[in-house]
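Bear in mind that the values here come from a model prediction, so they are computed numbers and not experimental data. Along the sequence shown, residues carry numbers from 1.
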Amino acid sequence: SQLEGIGTKMKSAHIGTPVEFFITDQTNTPIAFSRFVVLVGLKLPENVVGMTEERFSLFLYDDQGRIRVGLRVSLRGNTAAVETLKKAEAGFPVIFQNLFLESKTVPQKKYVFKESLHSGLKIRYANISEAESISIDYSLDGNDWFLGTSKNTLRAILDARKK
């Protein structure tokens, strides 16, 4: 509900770029990604959580009047990250459904991911709801895993980091 409230303020302020947040506890100490996964109820496979560093950030983006969420998660220097994520990706729509703000969409159990390119980066994606412009899009860039809950969200995050 806090994220939806912030999203409403972003829409009112007409903020058209992704806004990056670092999630902290009451003492302003950053929360580790593994802890965030538990707190938000993301049922990520253990091997995916195990390849992540504790540093991450969350993005909110106004995608044509709908607030969408994105993540940037630091990965350990794991050469198997691409394959590990590919093996787990079919479950991502259900795993990340708690991040579908302002939506009543309930994902099916399994999705087939497709591939595209944006600014030279390979993007893997699955469309969840065309009517609500919800998808799971992700990309790897070096040791960073970027994920967005819409096509435009991920692309806006990738574009913003280059500026």
Heavy-atom closest pair (Y111 atom, N127 atom, distance to 0.1 Å) is CE2-O, 3.6 Å

Give me the atom names and distance for the closest heavy-atom approach of V112 to A126. O-CB, 4.0 Å

R124 CZ to S116 OG distance, which is reported to the nearest 0.5 Å: 10.0 Å

Between CZ of R72 and OG of S139, what distance do you get to the nearest 0.5 Å? 13.0 Å

Check for me, please, whether I134 and I95 land in the same ILVMFWY cluster - side-chain distances under 4.5 Å, paths through other members count. yes

Taking the side chain as everything from C-beta on, heavy atoms only, tell me whether F113 gets closer than 4.5 Å to L85. no

Can we say E54 and R35 salt-bridge, meaning some charged N sits less than 4.0 Å from an Asp/Glu carboxylate O? no

Identify, with sequence neighbours excluded, every residue that meets ring pair (Phe, Tyr, Trp, His ring centres under 6.0 Å) alongside Y125. none

Side-chain touch F59/V19, heavy atoms, less than 4.5 angstrom: no

Spacing of CG belonging to L44 relative to CE belonging to M51, to within rounding of 0.5 Å: 9.0 Å

Are I15 and D62 side-chain neighbours, meaning at least one heavy-atom pair lies under 4.5 Å? no

For a 4.5 angstrom cut-off between non-hydrogen side-chain atoms, does F22 reach P30? no

How close do P93 and P107 get, heavy atom to heavy atom, and via which atoms? O-CG, 3.2 Å

Side chains of L60 and V69 in contact at under 4.5 Å (non-hydrogen atoms): yes

Is it true that the NZ or CZ of R66 lies under 6.0 Å from the centre of F100's six-membered ring and within 45 degrees of the ring axis? no

Would the number of heavy atoms belonging to other residues, nucleotides or ligands and lying under 6.0 Å from CD of E130 be above 12? no

Going by the rule side chain to side chain contact (heavy atoms under 4.5 Å, CB included), which residues pair with D63 if we only count those two or more places apart in sequence or in a different chain? Y61, R68, S150, N152, T153

Are S74 and D144 close enough that some pair of their side-chain heavy atoms sits under 4.5 Å apart? yes

Are D159 and H118 linked by a side-chain donor-acceptor pair shorter than 3.5 Å? yes

Please walk me through it: do Y138 and L71 pass side-chain contact (heavy atoms from CB on, under 4.5 Å)? CA-CA 9 Å; Y138 76 90; L71 294 171; over 6 Å; no

Sidechain-backbone polar pair: T84 side chain, A80 backbone, donor-acceptor under 3.5 Å: yes

With rounding to the nearest 0.5 angstrom, report the CG to CG distance, L39 to N98. 12.0 Å

Could you check if a side-chain atom of R161 sits within less than 4.5 angstrom of a side-chain atom of D141, using non-hydrogen atoms only? yes

Working for side-chain contact (heavy atoms from CB on, under 4.5 Å), residues I67 and L3: CA-CA 9 Å; I67 296 299; L3 293 177; over 6 Å; no

Side chains of L154 and I123: closer than 4.5 Å at any heavy-atom pair? yes

Quick one: pull up CG in L58 and CD1 in I6 and give me the separation to the nearest 0.5 Å. 9.0 Å

K151 NZ to S135 OG distance, which is reported to the nearest 0.5 Å: 9.0 Å

Minimal non-hydrogen separation, F56 against I31, with atom names: CE2-O, 3.1 Å

Is there a donor-acceptor contact under 3.5 Å from the side chain of S133 to the main chain of S129? no

